[in-house]
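All chains are named by letter (A, B, ...) in the order of the sequence lines, taking the proteins before the strands, and each is independently numbered beginning at 1.
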Protein chains: 2
Amino acid sequence: MESHSSDCCVSHEESEAIIGRIIDELRDSGMRKTEALEELLHAMLEAHRPFLLSELSEVPGLAGRDQATIYRLIMKLKDLGKVRQLNFGDKGNYFQLNLADHHHDYLLCHDCGEITEVPFPCVLKEVEKKLREQFGWKNLSHSLAFHGQCPACSKA
Amino acid sequence: MESHSSDCCVSHEESEAIIGRIIDELRDSGMRKTEALEELLHAMLEAHRPFLLSELSEVPGLAGRDQATIYRLIMKLKDLGKVRQLNFGDKGNYFQLNLADHHHDYLLCHDCGEITEVPFPCVLKEVEKKLREQFGWKNLSHSLAFHGQCPACSKA
DNA sequence: ATACATGCAAACATTTTGCTTTGGC
DNA sequence: GCCAAAGCAAAATGTTTGCATGTAT
């Protein structure tokens, strides 16, 4: 198995549990537990990285699914705050599960295209505090991406 | 000198001078000085904010211009490093002149939609240094946007 | 005169919607 | 049975290219 990026230290049982919890919440909001929904959550949780819509419909469990189905699921999940939409200036929109322990700061290699999370805590809390307290902004969040050559590619 | 005199207070003569200099450089790269190019640079310099392609073709001096023309100009300017492409997770691609005194950290109000620059220096130099020296990344740059309610909208 | 730049149309890609059928509850 | 979800197709939107003509050099 191609061990992908950062911390894939979630056991199978754990990830089942997380997905179960998410689905419970979604059902409280009126959504139904369907195969497509489960597969989608699986894919996004396990890979632990942002996906293009077009990539999602290639993922094993979702292959063959209509893009429109995935699109509508993603949009619903986004409306319910379970999914984040990202943009890195290249092709299209990326989507990622919006879990509490993700910090959403990304590293993009412009050679191999790999997208990973920044491997240490975010430094922008202070900046957000300043914007709130000294400039009057409210409800702040941020999106941050670093672009460059990853260690592997800069050797090659 | 307080770091960001970059607000929008550039005199007309100054901005003419800046545009003249940019055009000279562009001509060295083989581009021709055309009305569309001048109007485009004008619009982007004066407004001092990122533009959607669709917005650019509405700007007074460019109104009526073919989108394809503006598109090709922007792409050329981007290839030559004079324009930056940005992305804020909503609709499309934004473009902004890539001037030395801009730092490219943005504030987006999700109520009024206004996009402004962060009014103080960027704090990410340290992080980039760490990524370079401890993690082996090369040629780093970043894109950063804060999302929230601006002072005006959070009062209303 | 020789390219590059433009305008127009059309090819492509991506996102979004309408509508019928399927399936969760 | 009721209503959300899925599948299929097509519309809307956004990006990119081809080609004939115009224009800067």
Side-chain angles (χ1 to χ4, degrees), chain A residues 19-20 22-44 50-59 61-80 82-96 113, chain B residues 19-20 22-44 50-59 61-80 82-95:
Chain A
I19 290 176
I22 296 175
I23 291 184
D24 285 344
E25 289 180 42
L26 294 174
R27 296 180 72 179
D28 290 343
S29 309
M31 282 185 78
R32 290 171 182 184
K33 178 179 180 174
T34 68
E35 200 184 307
L37 175 60
E38 283 182 293
E39 293 288 1
L40 179 60
L41 292 174
H42 247 107
M44 299 189 87
F51 280 101
L52 289 167
L53 215 53
S54 54
E55 291 176 320
L56 281 170
S57 58
E58 301 298 330
V59 160
L62 292 168
R65 290 273 172 195
D66 195 312
Q67 294 251 47
T69 299
I70 299 174
Y71 170 78
R72 276 188 268 230
L73 275 175
I74 285 279
M75 287 305 141
K76 189 151 289 184
L77 292 173
K78 191 181 142 195
D79 288 346
L80 294 172
K82 295 298 175 198
V83 156
R84 250 183 167 240
Q85 180 171 342
L86 306 166
N87 235 297
F88 300 117
D90 58 337
K91 358 222 148 256
N93 297 309
Y94 287 80
F95 301 92
Q96 180 170 40
Chain B
I19 289 175
I22 296 175
I23 290 184
D24 285 345
E25 289 179 43
L26 294 173
R27 295 180 72 178
D28 290 343
S29 309
M31 283 183 78
R32 290 173 180 181
K33 178 180 178 173
T34 67
E35 201 185 305
L37 176 60
E38 284 181 293
E39 294 288 1
L40 179 60
L41 292 174
H42 247 107
M44 299 188 88
F51 280 100
L52 289 166
L53 216 53
S54 55
E55 290 176 321
L56 281 170
S57 58
E58 300 298 331
V59 161
L62 292 168
R65 288 275 174 194
D66 195 311
Q67 294 250 51
T69 299
I70 299 174
Y71 170 79
R72 277 188 271 228
L73 276 175
I74 285 280
M75 287 304 142
K76 189 152 287 184
L77 292 174
K78 190 180 142 194
D79 287 346
L80 294 172
K82 295 298 175 197
V83 155
R84 247 183 170 241
Q85 179 170 344
L86 306 166
N87 240 298
F88 299 118
D90 57 339
K91 329 253 157 235
N93 298 309
Y94 288 80
F95 301 93

Specify the angle, to 10°, made by the local axes at the two ends of the helix from C/dA1-D/dT25 to C/dC25-D/dG1 when five pairs are taken at each end. 30°
Using whole Å, report how far CZ of A/Arg27 lies from P of D/dA5. 11 Å
What integer distance in Å separates B/Lys76:NZ from D/dT17:C1'? 14 Å
Closest non-hydrogen atoms of A/Ala36 and A/Thr69, given as atom of the first, atom of the second and distance, are CB-CG2, 4.5 Å
To the nearest angstrom, the CG-C1' distance between B/Asp24 and D/dT25 comes to 15 Å
OP1 or OP2 of D/dT15 less than 4.0 angstrom from a side-chain nitrogen or oxygen of B/Asn93, does that happen here? yes
List in chain and number order the residues that pass side-chain contact (heavy atoms from CB on, under 4.5 Å) with B/Glu25, two or more places apart in sequence or in another chain; answer none if no residue qualifies. B/Lys82
Mind listing the closest non-hydrogen atom pair of B/Ser57 and B/Gln67 along with its distance? OG-OE1, 3.5 Å
Of the non-hydrogen atoms in B/Phe51 and B/Met44, which two are nearest, and what is the gap between them? CE1-CA, 3.9 Å
Evaluate side-chain contact (heavy atoms from CB on, under 4.5 Å) for A/Phe95 paired with A/Met75, printing each intermediate quantity in order. CA-CA 10 Å; A/Phe95 301 92; A/Met75 287 305 141; 4.0 Å; yes
Residues forming a salt bridge (charged side-chain N to carboxylate O under 4.0 Å, His left out) with B/Arg65, sequence neighbours excluded: B/Glu35
Heavy-atom check, side chain of B/Leu40 versus side chain of B/Leu62, under 4.5 Å: yes
Answer yes or no: is there a side-chain heavy-atom contact under 4.5 Å between A/Leu37 and A/Leu73? yes
Got a sec? Which of residues 62-74 of chain B come in under 4.0 Å of DNA chain C, heavy atoms? B/Arg65, B/Asp66, B/Ala68, B/Thr69, B/Arg72, B/Leu73
Write down the atom of B/Asn93, the atom of B/Leu52, and the distance for their closest heavy-atom approach. O-CD2, 3.5 Å
With a 4.5 Å limit on heavy-atom distance, are the side chains of A/Leu26 and A/Leu77 in contact? yes
Minimum heavy-atom distance between A/Pro50 and A/Glu55, given as atom pair plus value: O-OE1, 4.1 Å
Enumerate the residues from residues 31-41 of chain A whose closest heavy atom to DNA chain D is under 4.0 Å, giving them by residue number; use none for an empty result. A/Met31, A/Arg32, A/Thr34, A/Ala36
For DNA chain C, which nucleotides open and close the run of contacts to chain A, 5' to 3', at under 4.0 angstrom from a non-hydrogen atom? C/dT15 to C/dC25
Would you compute the distance between atom NZ of A/Lys78 and atom CZ of A/Arg84 and round it to the nearest 0.5 angstrom? 11.5 Å
Minimum heavy-atom separation for A/Asn87 to A/Gly92, with atom names? OD1-O, 3.6 Å
